[in-house]
Asker: 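Below you'll find the structure I mean.
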Amino acid sequence: MSIQWFPGHMNAAKKEAAEQMENTDLVIEVLDARLPEASCNPLVDELRKFRQRPSLKILNKIDLADPVATAAWKAYYEAQDGVTAYPMTTKKPADVARIPEICQSLAPHRGVPTKPLRIMIMGIPNVGKSTLMNALLKKRVAKVGDEPAVTKTQQKLYLGKHIVLVDTPGMLWPKIAMASDGLMLAASHAVGSNALIEEEVAEFLGNLLLERYPHLLTARYGFKTEGLDGIAVIENVAARRGFRVRGGDFDYEKAAHVLLHDYRTGALGRISLETPETRAAALAQHAAEMAEKARIAEEKAALKAEEAMRGKRGT
Ligand code: G4P
């Protein structure tokens with residue numbers, strides 16, 4: 001069965017995660033509440049649906065996210081089969097403390113001495129898995145880091161009396177389907193970026209802030225936002241903060257860095273990079289772009305075929 005389901009090229013780590021799913025009663029997927037869909041890896045859902053396991057989607061870092069967007073995301077996920085969404089922050093011990101009880105309610109047939117409730121925690125880098133684990137287990141566990149999809153350790157980790165982690169957190173790389181997902185992941189620091197890309201990411205963030213949270217830009221840096229674009233936001237940050245390079249030009253690199261830093265630390269305010277509505281619009285645009293690409297490719301292929309035919313006929 002699994003041989004048919006997995007294409008031959010699927011790598012060993014993914015295969016291992018799929019096998020692990022068999023011995024799992026509940027999957028916890030840790031997402032960044034500011035960009036839940038961009039920070040999810042569709043593989044987790046694929047695997048758990050295949051094994052029909054319930055899912056607890058933790059929308060972590062709500063202290064940094066827009067509460068209105070977070071409420072919309074909770075409703076969005078809970079409309080899905082077998083999914084419960086739990087917005088929280090690891091900064092609040094009371095939020096963390098509720099997790100075992102929520103898990104137990106999602107798998108009521110497990111969690112007894114003969115049948116412990118087996119949980120798998122998954123998520124892309126930087127969503128807060130290690131922090132969450134440390135808080136749940138009340139001890140330090142190894143940083144998830146760059147290990148394969150599922151870290152191999154044989155020790156048993158108990159979240160509650162009869163609630164056990166089938167493995168230490170599984171780390172998955174994000175599947176970046178759309179360019180805007182890559183930019184959101186970089187803005188939130190889930191993926192690294194060099195100085196050059198940092199300016200592009202800051203420009204993206206600047207545009208998003210102009211569209212959805214212009215008042216927060218004004219509150220933080222004191223400039224008016226009318227008529228600005230993303231680059232102008234960076235320029236205004238540089239102007240306000242006096243960031244200049246030798247010769248007097250604005251230091252875009254430094255201003256971009258500061259804007260991103262202010263976003264990541266929450267100094268700019270509680271900002272979500274996507275909502276269910278913006279996600280739907282981005283997906284529709286992406287689908288239209290893909291369809292257009294396919295149409296052009298088809299046209300090109302038809303033209304090439306026609307030329308080849310003409311060549312054969314000598315017309
Ligand atoms: P990971 O295992 O999934 O890779 O994530 P990890 O626990 O290492 O957490 C990544 C960063 O997110 C850490 O900050 C951590 O302190 C922060 N974090 C985790 N949970 C929360 C939360 O609920 N709220 C806030 N505000 N931060 C949280 P860091 O080491 O400073 O990294 P970075 O943010 O500078 O990238």
Side-chain angles (χ1 to χ4, degrees), residues 13 17 27-41 43-44 56-67 69-71 73-74 85-99 102 119-153 157 159 165 167-176 181-195 197-198 201-202 205 216 220 256-273:
V27 178
I28 294 183
E29 188 177 8
V30 187
L31 304 171
D32 187 323
R34 297 167 297 171
L35 54 149
E37 280 295 284
S39 67
C40 92
N41 185 313
L43 178 73
V44 178
L56 175 62
K57 292 199 193 269
I58 288 185
L59 303 174
N60 192 32
K61 307 196 186 186
I62 54 164
D63 54 310
L64 299 174
D66 178 343
T70 301
W73 280 117
K74 181 172 164 56
Y86 180 46
M88 60 158 282
T89 167
T90 58
K91 307 257 172 207
K92 271 199 191 159
D95 282 3
V96 177
R98 281 202 56 212
I99 293 175
I102 296 171
I119 293 174
M120 184 193 268
I121 299 187
M122 311 286 282
I124 68 161
N126 208 49
V127 287
K129 294 178 300 299
S130 305
T131 315
L132 178 67
M133 293 283 297
N134 292 335
L136 272 170
L137 298 163
K138 300 183 184 77
K139 63 175 180 185
R140 285 207 72 76
V141 288
K143 173 92 183 115
V144 177
D146 299 316
E147 290 135 15
V150 174
T151 316
K152 278 268 156 201
T153 51
L157 298 168
L159 300 190
L165 275 185
D167 222 319
T168 49
M171 205 275 301
L172 289 162
W173 290 107
K175 188 176 172 184
I176 303 176
D181 282 356
L183 291 162
M184 283 191 248
L185 289 163
S188 72
H189 227 181
V191 296
S193 53
N194 60 30
I197 297 172
E198 218 172 36
V201 177
L205 181 64
L216 296 181
R220 176 81 184 156
H257 188 76
V258 163
L259 180 69
L260 288 172
H261 183 263
D262 284 354
Y263 171 66
R264 289 168 183 157
T265 56
L268 258 168
R270 297 177 68 176
I271 294 162
S272 292
L273 299 179

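Predicted, not measured: the structure shown is a model, and the values here were computed from it. For ligands, and for the atoms within them, numbers begin at 1 and follow the listed sequence. Positions are given from 1, in the same order as the sequence printed here.
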Asker: Would you name the heavy atoms of V127 and S39 that are closest together and state the gap between them?
Answerer: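 Here V127 and S39 meet closest at CG1-CB, 4.3 Å.
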Asker: Check each heavy atom of N60 against ligand 1 and say whether those closer than 4.0 Å belong to the side chain, the backbone, both or neither.
Answerer: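 Only the side chain of N60 comes within reach of ligand 1.
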Asker: Within a distance under 4.0 Å of any heavy atom of K91, pick out the atoms of ligand 1 and give their elements.
Answerer: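 Under 4.0 Å from K91, ligand 1 has these atoms: 24 (N), 25 (C), 26 (N), 27 (N).
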Asker: To the closest 0.5 Å, what do you measure between OG1 (T90) and CG (N134)?
Answerer: 9.5 Å
Asker: With heavy atoms of P125 as the reference, note each atom of ligand 1 found under 4.0 Å away.
Answerer: 4 (O)
Asker: Run the numbers for me: atoms of ligand 1, each under 4.0 Å from some heavy atom of T131, listed by number.
Answerer: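 So the atoms of ligand 1 that pass are 6 (P), 7 (O), 9 (O), 15 (C), 19 (C).
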Asker: Counting each atom of ligand 1 from 1 as listed, which ones have a heavy atom of T89 under 4.0 Å away?
Answerer: 22 (C), 23 (O), 24 (N)
Asker: Just verifying a value: how many Å separate L165 CG and M133 CE, rounded to the nearest 0.5 Å?
Answerer: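 So the gap between those two atoms works out to 4.5 Å.
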Asker: Considering H189, H261, M88, K129 one by one, which has a heavy atom nearer to atom 33 (P) of ligand 1 than any of the others?
Answerer: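 The option holding the nearest heavy atom is H189.
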Asker: Using heavy atoms and a threshold below 4.0 Å, how should the contact between T90 and ligand 1 be classified: side chain, backbone, both, or neither?
Answerer: both
Asker: Evaluate the side-chain proximity of P36 to K57: yes if any heavy-atom separation is below 4.5 Å, no if none is.
Answerer: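 Answer no - side chains too far apart.
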Asker: Of all heavy-atom pairs between I99 and M88, which one has the smallest distance, and what is that distance?
Answerer: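 Taking every non-hydrogen atom into account, CD1-SD, 3.6 Å.
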Asker: Between T89 and D63, do the side chains contain a donor N or O and an acceptor N or O under 3.5 Å apart?
Answerer: yes
Asker: Check this for me - ligand 1, L132, N or O atoms closer than 3.5 angstrom, yes or no?
Answerer: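 In this structure, L132 places no N or O atom under 3.5 Å from an N or O of ligand 1.
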